[in-house]
Chemist: 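I have a structure here, written as structure tokens, and I will follow up with some questions on it.
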Protein chains: 2
Amino acid sequence: MAKIGDVARRAGVSTATVSRALSNPDSVRPETRKLVLDAVRELGYTPNAAARNLRAGRSRMLLTVVPLLSNSFFARIVSGIDQEASRRGYGTIISEESPDSVEKQAHLLDLAAAGLFDGVLLLSALMPRVGRRSLADMGMPLVRVCSRREPGAGAVLLEEREATLIQTRHLLGLGHRRFMYISGGAGNINDIPRYEGFCEAIAEAGLQPDQQIRVEGFFDFASGTAAAHRFLELRAEGRAPTAIVAVGDQMAIACMKGIQEAGLRIPEDVSIVGFDGIDFTNYCQPTLTTIVQPAEDMGAAAAGLLIDMLQGERDPGEIVFPATLRVAGSTGPAPAG
Amino acid sequence: MAKIGDVARRAGVSTATVSRALSNPDSVRPETRKLVLDAVRELGYTPNAAARNLRAGRSRMLLTVVPLLSNSFFARIVSGIDQEASRRGYGTIISEESPDSVEKQAHLLDLAAAGLFDGVLLLSALMPRVGRRSLADMGMPLVRVCSRREPGAGAVLLEEREATLIQTRHLLGLGHRRFMYISGGAGNINDIPRYEGFCEAIAEAGLQPDQQIRVEGFFDFASGTAAAHRFLELRAEGRAPTAIVAVGDQMAIACMKGIQEAGLRIPEDVSIVGFDGIDFTNYCQPTLTTIVQPAEDMGAAAAGLLIDMLQGERDPGEIVFPATLRVAGSTGPAPAG
DNA sequence: TTGAAAGCGTTACCAC
DNA sequence: GTGGTAACGCTTTCAA
């Protein structure tokens with residue numbers, strides 16, 4: 001592997017000049033520059049990252065912590081991050097969250113302390129932590145995606161409250177008056193504004209938010225199945241809702257399936273809206289009306305914000321994306337009666 | 001940030017001793033070790049990665065190149081890789097493939113030349129390359145996952161041929177005699193053994209492989225929709241198959257949907273089998289009979305193999321996983337007539 | 001068993 | 001505009 005000294009020798013200049021010619025081309029004479037660049041090309045020279053990082057005190061690497069990679073919503077965010085980071089000369093280290101594995105979190109903190117990455121993108125509200133040490137405490141520049149903003153950190157958010165407001169208004173507009181809300185978990189940070197939006201829409205229509213049914217979910221298929229069971233119980237008792245608001249597509253899709261298996265039709269008997277806009281919403285039966293989050297864009301924006309922060313060009317700010325409703329086959333007029 | 005010198009001073013020993021106490025504990029006296037470890041703890045010391053990498057000439061980082069992260073099959077492999085890598089003290093750098101972006105591939109080669117990672121996991125048959133330079137040429141240790149083995153590289157594979165053999169036999173056993181095969185693209189490296197398996201099963205049953213219909217796909221939803229259209233055309237001509245073998249779940253699911261929208265029932269009118277075993281196969285309507293690939297396990301095995309190779313403990317070998325068929329609702333007896 | 005010191009490859013400061 | 005050189009933080013050889 002060619003080193004800077006080899007290039008210098010070949011170009012007949014000093015290592016200092018090679019370094020300058022590469023990192024700040026305007027600071028050397030055009031002829032010298034050409035000499036250096038030719039030598040670089042001929043030798044296929046690339047500066048050693050470790051040496052450069054050691055000297056510069058930074059790594060041009062970002063860490064992305066993701067709750068669950070197999071959830072395609074998160075995967076799409078990561079995709080956007082990778083794209084933007086790569087475009088701006090940064091690499092992306094990835095780590096799947098593991099709230100239960102102290103070992104893995106410790107490994108992460110070690111990597112941070114070791115200076116392996118310059119900043120962190122957190123795709124959840126959790127904070128990698130071991131004992132009282134956490135990434136934030138270490139002064140690591142941080143951008144959260146799709147969760148709460150915290151002091152000193154950047155954030156990329158969706159208009160969460162607006163989103164459920166739109167979802168619910170859509171159903172109200174179709175004449176629905178009895179609702180089931182499948183949450184993202186009582187403690188979930190995103191669920192707070194989402195539930196607010198839901199309640200606000202309900203109240204607008206002159207209904208009582210606390211008389212609607214709320215079921216706790218965790219964004220996974222199983223939660224949707226469980227919600228379907230609850231729905232069927234309610235139906236047996238003669239007090240089933242006619243519309244379901246789910247704050248995650250996977251929950252919505254599993255719920256649809258559970259309901260259909262009991263012989264009910266969607267949207268004739270029940271309407272349901274999802275949240276996220278994953279690809280499968282277009283390929284389930286019926287297609288799912290859902291809130292579309294521009295996942296790739298949000299990822300790219302987050303990476304861009306973080307890199308700006310690292311380069312001192314931007315203070316940790318907040319970027320908010322609008323929520324849009326994509327109306328599809330799973331919602332229809334409330335059944336008569 | 002505490003450095004090794006700070007620890008040495010605090011422990012009253014030399015930096016050399018600190019280094020030894022940490023990397024090779026048995027080489028220092030127990031009392032000394034305790035002294036050092038206490039100092040480390042008190043100062044919250046972590047060795048600087050750049051300095052260590054520079055000295056050691058390696059980075060304890062792996063690069064994973066993935067074709068499409070939003071495909072949950074790939075995402076699950078990455079998840080397995082991350083898990084195993086992290087367990088063994090390695091970090092994972094991720095990069096989404098971009099055959100068309102020379103820039104991104106160049107960036108990747110630069111990172112490699114810069115020594116940012118010690119080895120590469122390739123989740124596709126493509127090889128990052130710019131002109132005549134490629135990762136393989138640079139002598140980068142390599143493990144391919146789910147694609148062809150190449151000289152000098154390791155590989156983690158599924159019994160591809162066996163997989164389609166099982167798929168197709170299952171349908172033959174249900175009485176089907178006319179098939180449509182949705183491929184992964186004529187040039188796709190995995191499609192070759194898969195199509196062989198299909199043909200072999202067909203031939204076993206005394207049928208003509210070349211009289212079955214083959215449709216080219218690219219593992220995405222759109223391919224499945226296109227295949228459905230083709231199916232409906234054939235049906236209009238009165239020569240529709242009764243069973244469909246798709247070598248990807250997304251294609252299978254989109255195809256099911258296209259067929260159902262034309263008013264046909266699955267599996268009563270047509271049976272269909274998928275390939276991969278993504279979560280959605282359990283939540284589509286009907287559930288999809290499919291080949292289950294143990295994606296997380298394959299990812300973990302690949303990372304393990306690569307790390308063994310890096311540590312000189314294993315030659316680049318081949319690990320083959322068995323394919324299993326998960327029978328679900330999308331396959332049934334061939335329609336009479 | 002421990003310490004001193006060289007060296008990993010780069011960058012940036014200070015002279016010229 | 002360019003070259004010499006110290007320094008980044010660590011590991012490892014060589015001596016003691």
Chemist: May I have the distance from B:Ile4 (atom CD1) to C:dA6 (atom C1'), rounded to whole angstrom?
Modeler: 15 Å

Chemist: Output the rounded distance in Å from CG (B:Asp26) to P (C:dT1).
Modeler: 10 Å

Chemist: Has B:Met138 got more than 12 heavy atoms of other residues, nucleotides or ligands less than 6.0 Å from its CE?
Modeler: yes

Chemist: Taking DNA chain D as the partner, which of residues 39-56 of chain A come within under 4.0 angstrom of it by heavy atom?
Modeler: A:Leu54, A:Arg55

Chemist: For A:Asn53 and A:Ser59, which I'm curious about, is there any donor-acceptor pair between the side chains at under 3.5 Å?
Modeler: no

Chemist: For the helix from C:dT1-D:dA16 to C:dC16-D:dG1, what angle lies between the axis at the first five pairs and the axis at the last five pairs, to 10 degrees?
Modeler: 40°

Chemist: Please confirm whether the shortest side-chain N or O distance from A:Thr32 to OP1 or OP2 of D:dT2 is below 4.0 Å.
Modeler: yes

Chemist: Rounded off to whole Å, could you give me the CZ-to-P distance for the B:Arg58 and C:dC8 pair?
Modeler: 17 Å

Chemist: With distance as the sole criterion, is a donor-acceptor pair present between the side chains of B:Glu96 and A:Ser79 under 3.5 Å?
Modeler: yes

Chemist: Does the pair B:Met61 and B:Tyr90 meet the rule for a side-chain contact (heavy atoms from CB on, under 4.5 Å), with working shown?
Modeler: CA-CA 5 Å; B:Met61 280 281 148; B:Tyr90 277 72; 5.9 Å; no

Chemist: Whole angstrom is fine here: how far is it from CE in A:Met1 over to P in C:dC8?
Modeler: 16 Å

Chemist: With side-chain contact (heavy atoms from CB on, under 4.5 Å) as the criterion, how do B:Val7 and B:Thr15 come out once you've worked through the C-alpha distance, each side chain's angles and the decisive distance to 0.1 Å?
Modeler: CA-CA 8 Å; B:Val7 177; B:Thr15 60; over 6 Å; no

Chemist: For the pair made of CG in A:Asn24 and C1' in C:dT10, what is the distance, rounded to whole Å?
Modeler: 16 Å

Chemist: Can you establish whether the number of heavy atoms outside A:Arg148 located under 6.0 Å from its atom CZ is more than 12?
Modeler: no

Chemist: Find out whether B:Val28 and B:Val36 are in side-chain contact, i.e. whether some heavy atom of one side chain is under 4.5 Å from a heavy atom of the other.
Modeler: no

Chemist: Roughly how many Å is it from CZ in A:Arg9 to P in D:dG4, rounded to a whole number?
Modeler: 12 Å

Chemist: What parts of residues 13-20 of chain B reach DNA chain D, counting only heavy atoms under 4.0 Å away?
Modeler: B:Ala16, B:Ser19, B:Arg20

Chemist: If you compare all heavy atoms of B:Glu150 against all heavy atoms of B:Leu142, which two are closest, and at what distance to 0.1 Å?
Modeler: OE2-CD2, 3.6 Å

Chemist: Are there over 12 heavy-atom neighbours, none belonging to B:Glu103, within less than 6.0 Å of that residue's CD?
Modeler: no

Chemist: Would you check if B:Leu108 and B:Leu63 make a side-chain contact, meaning some heavy-atom pair closer than 4.5 Å?
Modeler: yes

Chemist: Crowded around B:Glu97 CD? As in, over 12 foreign heavy atoms under 6.0 Å?
Modeler: yes

